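First the proteins, then the strands, lettered A, B, ... as listed; each starts at 1. Everything quoted here is computed from the prediction, not taken from an experiment. What's counted below: heavy atoms across the whole structure, side chains too, no hydrogens, waters or symmetry copies.
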Amino acid sequence: MSRIQSFEELKLYRDELRRSNKSDGQQNHTDSPVLVKIAMATCSLAAGAEKIMQFMTEELDKRGIDAVICGTGCMGYCYAEPTIEVTLPGEEPVVFGYVDLKKADLIIENYIKQGEMVAGVIPVNYKKVEEI
Amino acid sequence: MSETAVKSEPKKKQIRIALRNCGVINPGRIEDYIEKDGYLSLGRVVTELTPEESIEIVRESGLRGRGGAGFSTGLKWEFARRSKSDQKYVVCNADEGDPGAFMDRSILEGDPHSVLEAMAICGYAIGADTGFIYIRAEYPLAIERLKTAIAQAREFGFLGKRIFGTAFDFDISLKYGAGAFVCGEETALIHSMEGHRGEPSLKPPFPAESGYLGKPTNVNNVETFANIPVIFQRGPEWFKQIGTERSKGTKVFALAGKVNNVGLVEVPMGITIREVIFEIGGGIKDGKKFKAVQTGGPSGGCLTEKHLDTPIDYENLVACGSMMGSGGMIVMDEDDCMVSIAKFFLDFTVEESCGKCAPCRIGNKRLYELLDRICAGKGELEDLDRLRNLSEVIKDTSLCGLGQSSPNPVLSTLANFYDEYISHVVDKKCHAGVCRDLLEYFIVEENCVGCTACARACPVGAINGERKEPHVINPEICIKCGACMEKCKFDAVILR
């Protein structure tokens, strides 16, 4: 990417990004890939997020699931780290806490493949900027 | 509210403004940030607004410093703007040192670009072309992500020369702190940046007149900066609708201690402490009883049951004898001894005092010794007056915020838990069971089978009893070595 030369150019670039990146949470389409966000802040890493990241990256690929994996900052649920957020195509994001390898496997098999809930869901307890 | 109601439909008590992108975007990709309207505020400010107009927007929003003192951010910018100089600086204070606080780290790790964008906006507003982030070296991941973010922002032209094709130049570099608590105080921070000892100096002159290298410098906290891009996106009126009369917007708290949901919460100003601890925080661990919550870290105070329904804002917390501070919130339950808590915070301040002024260097040490004596069961009633008097003197005569606020934990525990001090001093008892010297070993009659193991282990012969009959410890002879407790296989020996 070259330098952004003007305010207008930035707005155009943002729109272009939004169009090309359909998997983003705020523009979730039914044909989007599954979006898996894994918290990768100091607290998450200390709780073992790195292993979950590796597992998800390898296993989603092995099991032939069209998914985008994204490492994020802290989601704020330090008590339940590692935490991951899964967004199925056309669905609202769901946050799972206390994820270990066994649970990560369950999440792939039960939730991502069949849409069945897995225990340990953390309810969304905050409003976003857009909701105010 | 019933348990089931909470579970089926969680109330959305939190509002995420400063944390809006934390856990949402990949902090390593500037594209993710741009997609969330990132750098649009900077673009608008430098191409459409004058510096004065930008400052007016920040002032109008009512945003106050999130580092603790709560000074109006807009006014601070205005002072720096008014100072005449060929060179000015913007500094981001990321020297987060309160025990149990990690708000700034999370923001820097999860959304570094929002801080960079805000610093550039501040640079434009006050007329600075250079920014520094003063960050502690103990935050390696935050440093790494900031470095990546700065490199990306330069590549895209959001930092560097001629930003958005205008005449505005701005660049940011990092300065590392060695983790001294006092360096969170802005004058000490600036001295540390200059390569001097991290000691505070008297204000005035304020950094806005004479700061880094003697030039006008604007220092803001990480969380304060993280709010700025949103204020420009949504407008000051939008921001102002959140919060209380005098405290606008939200505050991030690091919820820690004996609470179920330890973590980061961002709540609108005006929310009650009860809502934060019992609704968002999920209540006290193991169903224990709430005792107190420490806000403002070592400079703050503890709030009790009677403060639970107080709406949180800068003024209310001060009125309750605590302060907003940077946002640490340590929850304590019935098993915590408040005298020990005060001692813990004093221990921290003694360690972190820079030693420049006598009240803080010597006074806090003496305060600590008094508390230590009380916890050891050697305190006398007069010590409580000594604690109070010395605390007042330290508050009145210390040079910087660290010393002026360091006796707060003592004063607030004295005010709210005087009976606990009394039981330590007069009855020589610690009811929470924390102060070892005030406890005694005791044999629970029902559990004791009379095996004599404890009596044989006791080096001073303090335990008496017939075989197969419950034994008794004579507290007059007992030296509290704990040998009996170790030997007992029936959990009959307890500390009380």
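Neither the backbone nor the side chain of Ile38(A) comes within contact range of chain B, judged by heavy atoms closer than 4.5 Å. With a threshold of 4.5 angstrom between heavy atoms, Arg44(B) approaches chain A through its backbone and through its side chain. Proximity to chain A is absent for every atom of Val265(B), based on heavy atoms less than 4.5 angstrom apart. Using a 4.5 Å cut-off between heavy atoms, Ala39(A) does not touch chain B at all. Heavy-atom distances place no part of Glu8(A) under 4.5 Å from chain B, backbone and side chain included.
Residues of residues 137-149 of chain B having a heavy atom under 4.5 Å from any heavy atom of chain A, listed by number: Leu141(B), Arg145(B).
The CZ atom of Arg16(B) sits 6.5 Å away from atom CG of Asn125(A), with the distance rounded to the nearest 0.5 Å. Separation of atoms NZ (Lys11(A)) and CG (Asp37(B)) is listed at 10.5 Å; rounding is to 0.5 Å. Glu130(A) contributes atom CD, which lies 6.0 Å from atom CZ of Arg234(B) (distance to the nearest 0.5 angstrom). The CZ atom of Phe102(B) sits 6.5 Å away from atom SG of Cys74(A), with the distance rounded to the nearest 0.5 Å. Here Phe156(B) contributes atom CZ and Leu10(A) contributes atom CG; the two are 9.5 Å apart, rounded to the nearest 0.5 Å.
At distances below 3.5 Å, at least one donor-acceptor pair connects side-chain atoms of Lys37(A) with backbone N or O atoms of Val24(B). At distances below 3.5 Å, at least one donor-acceptor pair connects side-chain atoms of Arg18(A) with backbone N or O atoms of Glu35(B).
For chain B, the option among Asp15(A), Thr42(A), Ile122(A) with the highest count of heavy-atom pairs below 4.5 Å is Thr42(A). Of the listed residues (Ser44(A), Gly71(A), Cys70(A)), the one with the most heavy-atom contacts under 4.5 Å to chain B is Gly71(A). Ranked by heavy-atom pairs shorter than 4.5 Å toward chain A, the options Asn260(B), Asp32(B), Ile34(B) are led by Ile34(B).
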